[in-house]
Structures are given as C-alpha cells and as structure tokens.
K.L.:
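Following this message is one structure expressed as structure tokens.
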Amino acid sequence: MNPGDFILEATDGAARAATLMTAHGAVQTPVFMPVGTVGSVKSVDPDDLDAAGAQIILGNTYHLYLRPGDDLVARRGGLHRFMAWDKPILTDSGGFQVFSLSALRKLTPEGVEFRSHLDGSPHFFSPDKVVSIQRNLGSDIMMVLDECPPYGADRDYAARSLELSAKWAAACRAAYPQGSGGQLMFGIVQGGFFEDLRAESAARTLEIPFEGYALGGLSVGESKPEMLAIMRRTAPLLPRDKPRYLMGVGTPLDILDGIEAGIDMFDCVLPTRNARNGTLFTSRGRVNIKRAEYREDDGPLDPDCSCLACRRFSRAYLRHLYVARELLAYRLNTIHNLHYFLALARGARRAVLEGRFAAYKAGVEAAYGGPQA
RNA sequence: GGAGGGGUUCCCGAGUGGCCAAAGGGAACAGACUGUAAAUCUGUCGGCGUAAGCCUUCGGAGGUUCAAAUCCUCCCCCCUCCA
C-alpha cells in the first residue's frame, strides 16, 4: 500500500469503515485525532497517546512556524522526530487561526497578512508558504490554506470567502502536485451556512485532485441543527473513495452524527481542553469532576473505562487533584478523555464492520441525554 | 507599667458619618468550553421575597446623630516598641 491509498472496508448506511495509508502507517477509520497544536498534546506524552489508542494526531502550521520555527523543526529531522511521535501527523494550515485570531489579520487574494499573537511581528501566509512550512514539518497530511468565515457571515461574505479558499486550494495543490512526495494533501470545503454555497465550494474543491476532502467552517457558534443540516447535506457531495474529514468537531454525539453522515475523520480540542477544565466524558455521560458530590466518592470515574485514571484512582482523588490544581490532574483527565474519544471512534468502526452502527449510536445517545435536536 | 497600632461578611483585606449588605483577592458552589493566544472564562456568594422591599451584620455594651463599620465612653482581645 502507498500513502494516499484508501480502502473502504464496510459501510452501514452512509457510515463507513476504511483504512487510509500514510507515510507513517495506516489509519483505521472512523478515527478521532487528538489535537497537539504546538508539537504536544497538552499534558500527555507519546506513550500516553499510544496507550489511549491514538493513531494520528494534529499539529499546527501557524503555531509551529512562529515557534520554534518550521526550519528549526526540519533541522531536527521533522516534526515526528522532534516530538518523538512516529505515527501519522496531520497539520492544519493556519486557516483556523485566520479565523480565531481575526483581529490580528488581513486577507488578500494572495494570502493572509497577520501579526504574531506572541510578539506582534508581521508575517504573511501565502498558499506556497503554508505548503513549504508543512513540508518542513513533514506531516503525513497537509491541509490547504483556507478561510473559515465567522458564524453570522452573510451570503455575500461566504461567497467571496469560498472563492478565496478555492483559489488558495488550487495554489496549494500546484505547490505540491499529487505524487510529488509521500505527504498527502486535503482540500477544504467552505461556504458558510448556505447549502448552495456549500455545494458550490464542494464542486470547486473536487475539481482539484486531493487525497482527501474536509468539511471546514462548522462548530463556529451555530446551533446544533444548523451544523447537522450543513454536514448532512455536504458530506454526500464528497467523493466516496476518498477520506472525508470534519474539521474541529466535536462532542461525542457530534462525532457519531458525523460518522452516520459518512465522515471518516474528526479532530477536536474538546477532550483535551475540557479535561484541563474539569469536564470528563464517560460511558455514563459528562462528569464535572470538581462537583462537591464527588468529594467522598470512592468509585472509579468510569467503571467501563480501562484508562490509567479509571483503573487506579477514585473520583474523590481525581476531584482532589483537580481542585488542588495538581499537575497530575491535567494528565489523568486528559488521558481519560482521549481514551474515551478514541474508544468511541473505535467502537463506531467495529459497529460499522458488524452492521450495527445505529444501535451503537443509540447507546451513546442514551448516556448523553438522547439524540441531538 | 508606659507609648503606639489593630479587631470588618468563611479567610485575607479595603472602607473613617449618608451613594454600604460593605471594594478587591481567595475559598466555596454552579456553569461554559467544538481545525487550542484557554491548566481558561462566566455567574452566585448574610437571611426572607418573583419583585419592590424588609430583616440581621463590621470585637462587646452603652451613647451622640434624621442617619454609625465610620464619632464618643467603658470593657474584652491581639500585635509592635520602650521599661
């Protein structure tokens, strides 16, 4: 198998189970990808990630370019070697930072002019630049530069933004044509919350040959029904024989809704960030570990979980660690949440392979208070 | 024994006549977090009441005043320095 090969193993409704080949090994989908923005999944190490079952993690172009610098990483032998993670890495292009750091940037047809959030220094990201950075990082999957329009953007804005993203996507591909190396490149569909613009963006993006296609610009503040509607309408427009990636999503229920719609890959900061903020995802639903009710609770966080935190420690102890701001709290909480999200995706894969995805999804929904509106 | 400083709502700590149920911080309690500028942010935090409002509270007891955490008297306790 070669990087970019995508083998569809089973379907259950629109849900799929597949294997994507990369330069650093195979990824079995559906898959959840932990976010490791600056070359580290916050508070855990590569062994923790392995133990949690992580197959592939994210890195970020914008952040690593600013610090420590992609050239420095290249001199260290690339991001995998630098961070001692030898499994696949997907790098986001900085498109999301164009959105989340919007006060510090200016868009032009040629790219994004922005100021570093670290020191205010001016920088410019063109499609070429973003590809060159991701080549230096040596990620297995590069993302094209895109603009993620803010929620509430009007039709006009979304249409112009889509145009910009399509141009940038073509330029990114041109800077790294298919087959020019072992790195894969994914295109990104935008179009805001307008179904016809989503369709147009999909068509424009599909004109360009990518190894995978992503859905961007969701979970930016819209309601659940809005997100689901766009996702359900757009996912089927993406090629069946290529991986489909829903960027930045989501909650356990969002992920299952995505899988049901035919999405293969997900990433989200939710498990890691919420872990550091005391919200844990379990087979029985959310647990806010700082709550007083766990003060003397000797039971495991999640009796159905085999992670380090659940195996060895009580809720009372985890609460104490969190309340006392002990560093161990961040690590254990993160290990647990990643364990949960990764197991969720693995379970979904197994369910698809066995043709019982609907029942699997219903089971999780029951734990999280029923299906989403 | 003498001189000075101080006791404020769970804690620390502002407040020296009305705008004070009393700044700010902490703790506590609850909530948020979706391609990570996040180990972050928000709310509540004397009692009753939906509310207007009423009641209780600034070491204790009295007093002055239309009005006192703030002024006066006495008492209790703590700290610093001198003997």
Side-chain angles (χ1 to χ4, degrees), chain A residues 32-44 56-64 66-67 89-105 114-120 130 139 141-149 151 165 186-190 212 214-224 226-228 231 245-255 257-258 263 265-281 286 288-295 319 321-334 337 341 372:
Chain A
F32 177 78
M33 307 182 282
V35 179
T37 307
V38 294
S40 148
V41 176
K42 295 186 192 303
S43 89
V44 297
I56 170 172
I57 63 174
L58 253 70
N60 186 276
T61 298
Y62 168 89
H63 290 281
L64 291 168
L66 286 181
R67 185 168 62 191
I89 296 176
L90 178 152
T91 43
D92 187 25
S93 63
F96 188 72
Q97 280 63 44
V98 171
F99 158 76
S100 66
L101 305 175
S102 58
L104 303 175
R105 56 79 165 151
F114 63 93
R115 290 192 166 284
S116 160
H117 70 280
L118 298 173
D119 64 5
V130 153
S139 53
I141 302 173
M142 305 188 256
M143 298 306 297
V144 299
L145 183 63
D146 68 328
E147 195 219 349
C148 177
Y151 179 62
S165 287
F186 282 18
I188 305 173
V189 173
Q190 290 289 351
L215 229 55
L218 293 178
S219 270
V220 290
E222 75 280 13
S223 69
K224 215 51 99 169
E226 282 178 289
M227 188 205 86
L228 293 177
M231 179 193 75
Y245 166 25
L246 177 54
M247 305 186 78
V249 173
T251 65
L253 262 36
D254 290 341
I255 289 171
D257 282 323
I263 304 289
M265 304 166 69
F266 303 85
D267 80 280
C268 192
V269 304
L270 213 59
T272 43
R273 177 181 291 166
N274 281 17
R276 296 192 305 281
N277 293 331
T279 301
L280 304 175
F281 295 89
R286 286 176 167 232
N288 190 337
I289 198 62
K290 50 193 160 186
R291 289 176 64 113
E293 63 179 294
Y294 305 123
R295 202 189 293 267
R319 175 182 194 273
L321 290 178
Y322 185 81
V323 167
R325 288 162 161 62
E326 275 298 307
L327 298 184
L328 183 55
Y330 304 114
R331 174 161 175 258
L332 292 177
N333 289 174
T334 300
N337 273 355
F341 272 65
Q372 311 194 67

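Reckoned from all heavy atoms, side chains included, excluding hydrogens, waters and symmetry mates. Below, chains carry the letters A, B, ... as their sequence lines are ordered, and counting in each starts from 1. All of these numbers come straight from a predicted model, not from anything done at the bench.
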K.L.:
What's the gap between B:C71 and B:A52 when it is taken at their P atoms, as a whole Å value?
P.N.:
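Each nucleotide's P atom is 32 Å from the other's.
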K.L.:
In whole Å, what separates the C1' atom of B:C81 from that of B:G17?
P.N.:
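Result for the C1' pair: 33 Å, nearest Å.
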K.L.:
Within the 4.5 Å heavy-atom criterion, are A:Asn333 and A:Tyr322 side-chain neighbours or not?
P.N.:
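Of all side-chain heavy-atom pairs linking A:Tyr322 with A:Asn333, at least one is under 4.5 Å.
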K.L.:
Find the distance A:Asn274:CG to B:G31:P and express it as a whole number of Å.
P.N.:
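In whole Å, B:G31 P and A:Asn274 CG are 13 Å from each other.
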K.L.:
Can you tell me the base-pairing partner of B:A38? Count Watson-Crick or G-U wobble geometry only, both distances below 3.5 Å, and say none if there is no partner.
P.N.:
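Pairing partner: none.
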K.L.:
Suppose we define a pair by two distances each less than 3.5 Å, Watson-Crick or G-U wobble; what does B:A14 pair with here?
P.N.:
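Pairing partner, where one exists within any strand: none, as none qualifies.
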K.L.:
Under 6.0 Å between the ring centres of A:His63 and A:Phe96?
P.N.:
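No - the distance between ring centres of A:His63 and A:Phe96 does not fall below the 6.0 Å cut-off.
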K.L.:
By the 4.0 Å heavy-atom rule, please label A:Arg105 as base, sugar-phosphate, or nothing.
P.N.:
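Here A:Arg105 touches no strand at all.
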K.L.:
Does a distance-only test, which skips hydrogens and angles, find a donor-acceptor pair under 3.5 Å between the side chain of A:Asn288 and the base of B:G31?
P.N.:
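Result: no qualifying N/O pair found.
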K.L.:
Just the rounded figure in Å: distance from C1' of B:A30 to OH of A:Tyr294.
P.N.:
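Atom OH in A:Tyr294 sits about 13 Å away from atom C1' in B:A30.
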K.L.:
Where do A:Tyr245 and A:Asp267 land on the side-chain hydrogen bond (donor to acceptor under 3.5 Å, both in side chains) test, with the steps shown first?
P.N.:
CA-CA 8 Å; A:Tyr245 166 25; A:Asp267 80 280; 2.7 Å; yes
K.L.:
Is a donor from one side chain sitting under 3.5 angstrom from an acceptor on the other, for A:Thr272 and A:Thr334?
P.N.:
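A:Thr272 vs A:Thr334: no donor-acceptor pair found between side chains.
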K.L.:
Any non-hydrogen side-chain atom of A:Leu90 less than 4.5 Å from a side-chain atom of A:Met265?
P.N.:
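They are in side-chain contact.
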K.L.:
Paired with B:G43: which nucleotide, if any, by Watson-Crick or G-U wobble criteria at under 3.5 Å for both distances?
P.N.:
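When the pairing criteria are applied, B:C29 turns out to be the nucleotide that pairs with B:G43.
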K.L.:
Quick one: which of B:C33, B:A28, B:G35 gets closest to the side chain of A:Thr279?
P.N.:
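Between B:C33, B:A28, B:G35, the one nearest the side chain of A:Thr279 would be B:C33.
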K.L.:
Measure from CZ on A:Arg286 to C1' on B:A30 and round the result to the nearest Å.
P.N.:
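In whole Å, B:A30 C1' lies 14 Å from A:Arg286 CZ.
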K.L.:
Contact class for A:Leu246 vs. all strands (heavy atom < 4.0 Å): base, sugar-phosphate, or nothing?
P.N.:
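If one applies the 4.0 Å heavy-atom cut-off, A:Leu246 turns out to touch nothing in the nucleic acid.
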K.L.:
In whole Å, measure the gap between the C1' atoms of B:U57 and B:A3 for me.
P.N.:
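Approximately 34 Å lies between the C1' atom of B:U57 and that of B:A3.
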K.L.:
Using the P atom in both, what is the distance from B:G60 to B:G53, to the nearest Å?
P.N.:
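Those two atoms are separated by 28 Å.
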K.L.:
Measuring from the side chain of A:Asp254 (C-beta onward, heavy atoms only), which nucleotide among B:U34, B:A28, B:G35 has the closest atom?
P.N.:
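Of the candidates, B:U34 comes closest.
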K.L.:
Distance-only, no hydrogens or angles: does the A:Gln190 side chain make a donor-acceptor pair with backbone N or O of A:Ile188 under 3.5 Å?
P.N.:
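No.
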K.L.:
Could you tell me how far B:C20 sits from B:C75 if I compare only their C1' atoms? Round to whole Å.
P.N.:
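Going atom to atom, C1' in each nucleotide, I get 27 Å.
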K.L.:
Return the set of residues passing ring-ring contact (aromatic ring centres under 6.0 Å, His included) with A:Tyr294 (not counting sequence neighbours), or none when no residue passes.
P.N.:
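Partners of A:Tyr294 by the ring-ring contact (aromatic ring centres under 6.0 Å, His included) criterion come out as none, since no residue qualifies.
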K.L.:
Is any side-chain N or O of A:Arg291 closer than 4.0 Å to OP1 or OP2 of B:A28?
P.N.:
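So the side-chain polar atoms of A:Arg291 never come under 4.0 Å of the phosphate oxygens OP1 or OP2 of B:A28.
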K.L.:
Compare the minimum distances between each of B:C33, B:A28, B:G35 and the side chain of A:Val35, then state the nucleotide with the smallest one.
P.N.:
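That would be B:G35.
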K.L.:
A:Val98 near the nucleic acid: base, sugar-phosphate alone, or nothing, with a heavy-atom cut-off under 4.0 Å?
P.N.:
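The residue A:Val98 makes no contact with any strand.
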K.L.:
For B:A37 versus B:C41, give the span between their C1' atoms, rounded off to a whole number of Å.
P.N.:
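So the two C1' atoms sit 14 Å from each other.
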K.L.:
What is the per-nucleotide protein-contact pattern of nucleotides 37-46 of chain B, from the 5' end, where B denotes a base atom under 4.0 Å from a protein heavy atom, S denotes such proximity for sugar-phosphate atoms only, and - denotes neither?
P.N.:
BBBB------
K.L.:
What pairs with A:Phe266 under ring-ring contact (aromatic ring centres under 6.0 Å, His included), at least two apart in sequence or on another chain?
P.N.:
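With sequence neighbours excluded, A:Phe266 shows a ring-ring contact (aromatic ring centres under 6.0 Å, His included) to no residue whatsoever.
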K.L.:
Using both distances under 3.5 Å as the test, list the Watson-Crick or G-U wobble partner of B:A52, or none.
P.N.:
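With both distances under 3.5 Å required, B:A52 matches none.
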K.L.:
List the atom of A:Phe114, the atom of A:Arg105, and the distance in Å for their closest heavy-atom pair.
P.N.:
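Scanning both residues, the minimum pair turns out to be CB-CB, 3.7 Å.
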K.L.:
Report the distance from atom CZ of A:Arg295 to atom P of B:A28, rounded to the nearest whole Å.
P.N.:
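From A:Arg295 CZ to B:A28 P: 8 Å.
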K.L.:
A:Asp267 has an atom CG; how far is it from atom P of B:U34, in whole Å?
P.N.:
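A:Asp267 atom CG is separated from B:U34 atom P by 12 Å.
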K.L.:
Whole-Å distance between B:C33 P and A:Leu280 CG?
P.N.:
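Distance, rounded to whole Å: 15 Å.
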K.L.:
Nearest whole angstrom, please: distance from the P of B:G35 to the CE of A:Met231.
P.N.:
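These atoms are roughly 16 Å apart.
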K.L.:
Any strand is fair game: report the nucleotide pairing with B:U80 by Watson-Crick or G-U wobble, both distances under 3.5 Å, or none.
P.N.:
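In the structure as shown, B:U80 has B:A3 as its Watson-Crick or wobble partner.
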K.L.:
Classify A:Gln190 by what it touches in the nucleic acid, base, sugar-phosphate, or nothing, heavy-atom distance under 4.0 Å.
P.N.:
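Base contact - A:Gln190 has a heavy atom under 4.0 Å of at least one base atom.
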K.L.:
Would you say that A:Met142 contacts A:Val130 through its side chain, given a criterion of any heavy-atom pair below 4.5 Å between the two side chains?
P.N.:
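Side chain of A:Met142 against side chain of A:Val130, heavy atoms only: no contact under 4.5 Å found.
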K.L.:
Which whole number of Å gives the distance between the C1' atom of B:A69 and that of B:C48?
P.N.:
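Pairwise C1' distance, B:A69 against B:C48, rounds to 24 Å.
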K.L.:
Answer with base, sugar-phosphate or nothing: what part of the nucleic acid does A:Asn60 contact at a heavy-atom distance below 4.0 Å?
P.N.:
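Sugar-phosphate only.
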K.L.:
What is the separation between atom OH on A:Tyr151 and atom P on B:C33, rounded to the nearest whole Å?
P.N.:
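These atoms are roughly 15 Å apart.
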K.L.:
Heavy atoms only, 4.0 Å cut-off, all strands: where does A:Gly36 land among base, sugar-phosphate and nothing?
P.N.:
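Nothing: the residue A:Gly36, judged by heavy atoms under 4.0 Å, touches no strand.
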K.L.:
B:C71 pairs with which nucleotide, Watson-Crick or G-U wobble, both distances below 3.5 Å?
P.N.:
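Pairing partner, where one exists within any strand: B:G63.
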K.L.:
Roughly how many Å apart are B:U8 and B:U56, using the C1' atom of each and rounding to a whole number?
P.N.:
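That atom pair is separated by 15 Å.
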